Structure formats: structure tokens, C-alpha cells
Number of protein chains: 2
Amino acid sequence: MAGSISEAVLRRLPRYYRYLNELEADHVMQISSKELAERMGLTASQIRQDINCSGGEGRQGFGYSVPKLRRHIGKVLGIQSKQNMIIIGAGNIGSAVALSDSFRTSNFYTVAIFDTDPQKIGKKIGALTVLDYKDVAAFLKRQPVHIAVLAVPFASGQSVVDRLHDLGVTAFWNFVPADLDIPDDATIVSVHLEEGLQILSYKMKESSQTF
Amino acid sequence: MAGSISEAVLRRLPRYYRYLNELEADHVMQISSKELAERMGLTASQIRQDINCSGGEGRQGFGYSVPKLRRHIGKVLGIQSKQNMIIIGAGNIGSAVALSDSFRTSNFYTVAIFDTDPQKIGKKIGALTVLDYKDVAAFLKRQPVHIAVLAVPFASGQSVVDRLHDLGVTAFWNFVPADLDIPDDATIVSVHLEEGLQILSYKMKESSQTF
DNA sequence: TAGATTGTTAATCGATTAACAATC
DNA sequence: TAGATTGTTAATCGATTAACAATC
């Protein structure tokens, strides 16, 4: 049951969640593992295994309740409750994350954005004003923050993690193109955009060789 | 040898490339699988397997030549030659990709950015001017484009892929939060940002339960 | 009830790790 | 040469798929 979700399964859960959301929006209330498998390009067997080891439940003979399963996976992922994020770095990526409202639908709220550049401090990004990174400690004392988004240059990545962890932040969403070291009590998920592009590049070669 | 690189190995290649780049920048000319394994948190055995099945070569008793291996993996990934990208959608993400210069270091060049919004058409984003998406067909006739970056709203994702594929584009870097359908001769790599955030959310819960 | 589909166990497949012979 | 480290084969491990009994 809970606690035994492997990396492989975990990586699929957000995708299930997305499909179930879409189904719910289309007023589909019930779905079988077979039908979902066809839509997602998986096997029905894998879907049943995944749901089962995540603690989800269906009904024999009928399938799964779409809203019930969606809510369940949302709960497993921990996205039923609001989470506050601060963004460090008001460059291209930091700004894009700040301006995006698509994370709010998963209950992630950006509450502040910081930078060290005097040119950027005080500037408006959407509803937020860029704050001075010097004041991050004071800010963290005032307001609960669950996640720090790292959108700083390569050279500052590690020092920002170290500093924020000292200040009590234990979850990081990292856009810095480096594998940052974090203490055991912290969690980091890295988005290495250029890696995706390089994988695409490989696959382009591959598929063109087929002809 | 070549042609037999599994998904699992392929997903690690960009990371090897990144580490080798860093080593080269630090003037490390030679490295053993053992030393690299320690730095990357992998096993030496896996590194040797990965390099071997990618066609890379070391020297018994010494290890691998850092620049040679870096170049080799770069070639396997197909990033030794320039690739032109066009961005569809001049919103937050489209703009961030356009403004980022970090992709240029992997030889990916943004040559144009398109939108349908009259408010955005004509606006400057870095060195580029936002073009009218209506003119994308004419543009593709004039200039070779290897990759289209999809940064449009959810509702337009599929129609943009369909249209661009009709116009001859076969590689897509997708930021639309949907699994878009592509023909067999095309390739797509999707970046589902909110999925990473949801995975982080799960891991935060997990690690806090440890205490 | 009969039909359908889950939950779960067993079989298969692929990926990772271990071991060691080849060789620089 | 001796020591070190690769290249590669074999063993292990985990994840996926298949099968089927349980049950709605």
C-alpha cells in the first residue's frame, strides 16, 4: 500500500492525474483499466498494478470512478493542499514560472520572487514585486514557504541552496543546469531543459535513419 | 554499438555530457569509470556499460579521455551541428526559451518566434521580433528549421502540431501540458513542468514522514 | 445469474550490478 | 613487468506483462 511507491510508478502518477482531470472535464465518470490503457498507450495490467500499489481502488466488473481516483492520486501526490513557493532569480525562467498560472491549478502558489540585481529589484512581474535576495531570511520568518524555485545562474546555484537550507527550506525545484548537493533532510527535483533538447536531437537522427 | 541505445541509457547521456563538459572546463583530461561514478552517484559498472553500448572507448589501465568521450557523446546525441528552432507562442515559456542563451551552447538556435495575438506580433523579444503565425508557412519555405518549440495554450497544441507537420516540421519540443499526437515520421519530446512539481510534492511528504 | 473487470500472483523481460578475463 | 582499468559475460534485481481467481 502507501509508502511503497517506486520511482517508476511515481513518475507515471502525474500523468494519470492529468488524464483523469481531462476525463472529468469531459464528464466521463467511470473508466476501465483497458479503456484508460488505450488512451494513454500503456497496458491495462500496468495501470491496475500502478493504481493498486498507490492504494487506489476500483470496482470489479465496472472499473474505476474517475473523480474518486483523480482525488485519490491528488492526495497521494500531496497536491490537495496549498503550497507556497518562492522563486530565487528573476531572469527568464524565474519570470516565466512567476507569470505562469498553470501551477496554481495544482495548488502551487508563488508568494515572492527574489534577485540580487539592483536593476531587477523593485520591478513588477505580474502581481509580484521583485524583492532583494538579502531580505530572504526576514521573509521566511514572516511567511510559511514550502518550496524554493532555483532560477539563478550556474555559479550561484549551490550557494543559494546552502543558504536557503540554513534558513529552513527543505524542498527545491531546480532549474540550474547542475546537480546540486542537498542535505539528507531536503528534497530536490531538477528540470534540466537542455537535456530534453539533446534527447530530441538524438531521436531526430534515429527516426531519419529509418528511411 | 550504434542504434542499440535504450531509453534508459539515452536519458543518462546528456548528464554524462554535462559532467564531461564540467571536467573539461576544469582541465581534467582523463577519468576512470570509478572516479566518474563517485562524482555522479552511479556505479562504475553502469558507466562502462553505458559508454560501451553508445560506442565510446576507453583505455585499459588508464580510463577515458575526457575531451574525446565528451565529443563522442555529443556526436551520438547529434549536437555537434547547428539546429534551428522556431518557437510557436510568445507567452511566458516561449519568451523564456527565446531569451535563454543556454541552448545555444548545445548548438540549438532560435531563428523565429510566432504568435497569433496582434498585441504580441511585432514586439521585440531579445533580438527577435514576434512574427504572425499566419506567415509560418512562408517562413519555413525560406529558412531551414529543424525543431518547433510548442509554447501555445492547451487548446491550440494539437492543431499547431498538425499544421506544422503538414508544412514539413518533424521534430517538436513540447511545453503544452498534453500528450499530443504525432505521425510516425515525427518526433516529440515533452516537458511537463507541473509533473515535476507534483513529484516534488510527493517526495516532500515522504521525507517528512521519516522523522 | 452471467458478464465484465478488478486485484493479485506468476512469468517474462530488461536493466543494473558483479565478476573477471583481456590489455594498456 | 606489475598495476590498473577497461570491455564483456554472467548473475541479480526490479519492473512490466500475462494469467486467472475473486467479486461486483
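Since this is a predicted model, take the numbers as computed values, not measurements. All chains are named by letter (A, B, ...) in the order of the sequence lines, taking the proteins before the strands, and each is independently numbered beginning at 1.
- Here chain B contacts DNA chain D (any atom closer than 4.0 Å to a heavy atom, that is under 4.0 Å), and the contacts span D:dA4 to D:dA10 from 5' to 3'.
- Ionic pairing of A:Arg18 and B:Glu195 is present here: one or more N-O contacts between side-chain nitrogen and carboxylate oxygen are shorter than 4.0 angstrom.
- Side-chain contact between A:Phe139 and A:Val111: present, with at least one pair of heavy atoms (C-beta onward) separated by less than 4.5 Å.
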Begin with the C-alpha distance, continue with both residues' side-chain angles, and end with the deciding distance and a verdict on side chain to side chain contact (heavy atoms under 4.5 Å, CB included) for A:Arg11 and B:Ile199. CA-CA 7 Å; A:Arg11 275 205 299 265; B:Ile199 288 169; 4.0 Å; yes
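- Within residues 21-49 of chain B, the residues having any heavy atom closer than 4.0 Å to DNA chain C are, in order of number, B:Thr43, B:Ser45, B:Gln46, B:Arg48, B:Gln49.
- Stem analysis of DNA chain D (at least three stacked-register Watson-Crick or G-U pairs, each with both distances under 3.5 Å) gives C:3-24 with D:3-24.
- Between A:Glu22 and A:Arg70 no salt bridge is recorded (no basic side-chain N to carboxylate O distance below 4.0 Å).
- With A:Phe103 as the fixed residue, the ring-ring contact (aromatic ring centres under 6.0 Å, His included) test singles out one of A:Trp173, A:Tyr109, A:Phe108: A:Trp173.
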Go through B:Tyr133 and B:Asp115 one step at a time and tell me if the side chain to side chain donor-acceptor pair (under 3.5 Å) criterion holds. CA-CA 5 Å; B:Tyr133 179 60; B:Asp115 208 297; over 6 Å; no
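- For the pair A:Arg12 and B:Gly56, nearest-nucleotide mapping onto DNA chain D gives the more 5' position to B:Gly56.
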Apply side chain to side chain contact (heavy atoms under 4.5 Å, CB included) to residues B:Asp185 and A:Ser207 and explain how you reach the verdict. CA-CA 7 Å; B:Asp185 69 334; A:Ser207 72; over 6 Å; no
Might you work through the side chain to side chain donor-acceptor pair (under 3.5 Å) test for A:His192 and A:Asn174, ending with a clear yes or no? CA-CA 8 Å; A:His192 293 315; A:Asn174 174 40; 4.9 Å; no
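- Taking the ring centre of B:Tyr17 as origin, the terminal cationic atom of B:Arg12 falls outside the region bounded by 6.0 Å and 45° from the ring axis.
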Please assess A:Lys203 against B:Glu7 for the test salt bridge (Lys or Arg N to Asp or Glu O under 4.0 Å), listing each intermediate value before the final yes or no. CA-CA 10 Å; A:Lys203 292 187 171 176; B:Glu7 267 294 314; 2.9 Å; yes
